[in-house]
There are 2 protein chains.
Amino acid sequence: MTSGHYTPETFNARNAVGYLLRCTLNLLQPRMEALFTDHEFTFVQWCVLMQLRDGLANRAADISRNLNHDSGALTRVVDQLEGRGLIERTRSTEDRRMVELALTPDGRTAVDASIPLVVDHVNRLFEDFSRDDLDMLIGMLKRMIEKLQDGEKDRQP
Amino acid sequence: MTSGHYTPETFNARNAVGYLLRCTLNLLQPRMEALFTDHEFTFVQWCVLMQLRDGLANRAADISRNLNHDSGALTRVVDQLEGRGLIERTRSTEDRRMVELALTPDGRTAVDASIPLVVDHVNRLFEDFSRDDLDMLIGMLKRMIEKLQDGEKDRQP
DNA sequence: GCACAACAACTGCTTAGGCAGTTATATAAA
DNA sequence: TTTATATAACTGCCTAAGCAGTTGTTGTGC
């Protein structure tokens with residue numbers, strides 16, 4: 001038993017990070033999606049488009065790992081985006097298991113158009129935060145993700 | 001257009017808070033649920049039990065507001081927990097619209113038993129964080145929740 | 001060269017979540 | 001008192017997510 005910040009006596013729903021993360025995302029997600037009404041993106045669809053836009057991934061397997069999203073579910077998200085002409089699949093010639101994903105011009109236009117709306121919304125959300133606070137929040141989320149992903153490896157050796 | 005921390009030029013998937021929150025929760029949630037294997041709680045079920053345990057709410061409407069979880073879905077979560085004998089419903093005599101929820105002794109035992117496991121897991125997750133970092137993270141999540149809930153009111157006047 | 005595990009993408013099935021209602025009760029206004 | 005409005009809990013319906021596979025492809029050890 002590691003000694004640490006929480007103890008069984010002091011731990012409660014008010015200061016539980018997982019609980020607070022859930023509350024935050026449950027509030028934030030529908031408000032994000034409300035920004036995309038013109039394009040009718042779900043939050044997950046938007047995340048996929050953003051990954052392709054910013055070069056974080058170009059294959060479904062990488063996207064599902066980055067988002068920690070079920071790979072079966074992601075196939076269907078890609079189906080939808082492809083069906084709407086926003087991304088395109090290309091079977092890789094080097095490794096025929098892989099399908100390379102890319103934004104179409106329409107997809108690029110759509111996701112680019114979402115950026116100012118998102119930026120404005122997030123800026124209003126963080127208007128009471130200092131620049132340092134926001135950087136620290138982003139940094140801590142990244143550290144948590146890294147730590148959790150490291151732990152994930154131990155579970156499937 | 002408010003000026004703020006993000007600009008359309010610098011905004012990308014690597015520093016998008018919503019995206020990072022989603023990743024974190026998608027990693028954290030299944031690992032939490034793995035801790036509850038003995039009791040077979042989902043994360044949402046556990047959140048409901050915690051709210052009752054710590055006195056944050058004793059009615060379905062309050063719980064769904066606190067968690068920002070759909071009230072219809074919550075009815076079914078309560079059904080499950082009641083069916084397993086972990087909580088009980090009592091129709092309020094003061095206001096007969098309301099159903100008061102309470103942990104049964106079994107429910108209390110089950111949720112209490114989860115606490116040391118959760119505390120240990122969260123402490124390991126935050127072992128590289130200083131006490132100040134963790135407090136700041138919790139504080140910032142609470143500020144985000146408050147801000148988002150305030151904005152929610154404006155949308156349904 | 002051949003069996004084998006590892007992997008990417010995908011499919012079918014089951015469950016949970018989100019949305020639009022319905023019913024019953026309470027409060028406020030006319 | 002009657003009407004209108006708000007709220008709590010709940011229900012039915014539909015879509016998305018999570019899980020356990022299947023198929024096809026690559027690389028490794030024998």
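In what follows, chains carry the letters A, B, and so on, assigned in the order in which the sequence lines appear, proteins first and then strands, with residues in each chain numbered from 1.
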inquiry  = Measure CG/B:Leu25 against P/D:dA17 and give the value in whole Å, please.
reply    = 14 Å

Protein-nucleic acid N or O pairs under 3.5 Å, nucleotides 1-4 of chain D:
none

inquiry  = Output the rounded distance in Å from CZ (A:Arg31) to P (C:dG18).
reply    = 16 Å

ask   = Could you go step by step and tell me if A:Arg59 and A:Asp62 meet the salt bridge (charged side-chain N to carboxylate O under 4.0 Å, His left out) rule?
value = CA-CA 6 Å; A:Arg59 289 176 304 137; A:Asp62 289 337; 2.9 Å; yes

ask   = What's the CG-P distance between B:Leu101 and D:dA9, to the nearest Å?
value = 7 Å

task = Name every residue in residues 42-53 of chain B that has at least one heavy atom under 4.0 Å from any atom of DNA chain C, in order of residue number, or write none if there are no such residues.
result = B:Val44

inquiry  = With hydrogens left out and only the distance checked, is there a donor-acceptor pair under 3.5 Å joining A:Arg22's side chain and the base of C:dG17?
reply    = no

ask   = To the nearest Å, how far apart are A:Leu74 CG and C:dA9 P?
value = 9 Å

message = Within 45 degrees of the ring normal and closer than 6.0 Å to the centroid, is that where the cationic atom of A:Arg143 sits relative to B:Phe129?
response = yes

ask   = Is there a path from B:Val48 to A:Val17 through hydrophobic residues (I, L, V, M, F, W, Y) whose side chains come within less than 4.5 Å of each other?
value = yes

Separation of D:dT15 P from A:Gln29 CD (nearest whole Å) = 18 Å

query = B:Ile87 CD1 to D:dA9 C1': how many Å, rounded?
reply = 13 Å

ask   = Between A:Asp79 and A:Arg84, does at least one N-O distance fall below 4.0 Å, as a salt bridge requires?
value = no

task = Take the angle between the ring planes of B:Trp46 and A:Phe11 and call it parallel below 30°, perpendicular above 60°, tilted in between.
result = tilted

ask   = For A:Asp70, does its backbone N or O pair with a side-chain atom of A:Ser64 as donor and acceptor, under 3.5 Å?
value = no

message = Is it true that A:Arg65 and A:Gln149 share a donor-acceptor pair across their side chains at a distance under 3.5 Å?
response = no

Please tabulate the protein-to-nucleotide N/O contacts below 3.5 Å involving nucleotides 3-7 of chain C, giving atom names and distances.
from, atom 1, to, atom 2, distance (Å)
C:dC7, O2, A:Arg97, NH1, 3.4

ask   = Pick the nucleotide of DNA chain D nearest each of A:Asp70 and A:Arg91; which residue has the one closer to the 5' end?
value = A:Asp70

D:dA16 OP1/OP2 closer than 4.0 Å to side-chain N/O of A:Gln80 = yes

query = Nearest nucleotide by nearest heavy atom, which residue falls closer to the 5' end of DNA chain D, A:Asp95 or A:Gly72?
reply = A:Gly72

query = Roughly, in whole Å, what's the span from CZ in B:Arg76 to C1' in D:dC10?
reply = 9 Å

task = Provide, to the nearest angstrom, the distance between the CE atom belonging to B:Met98 and the P atom belonging to D:dT7.
result = 11 Å

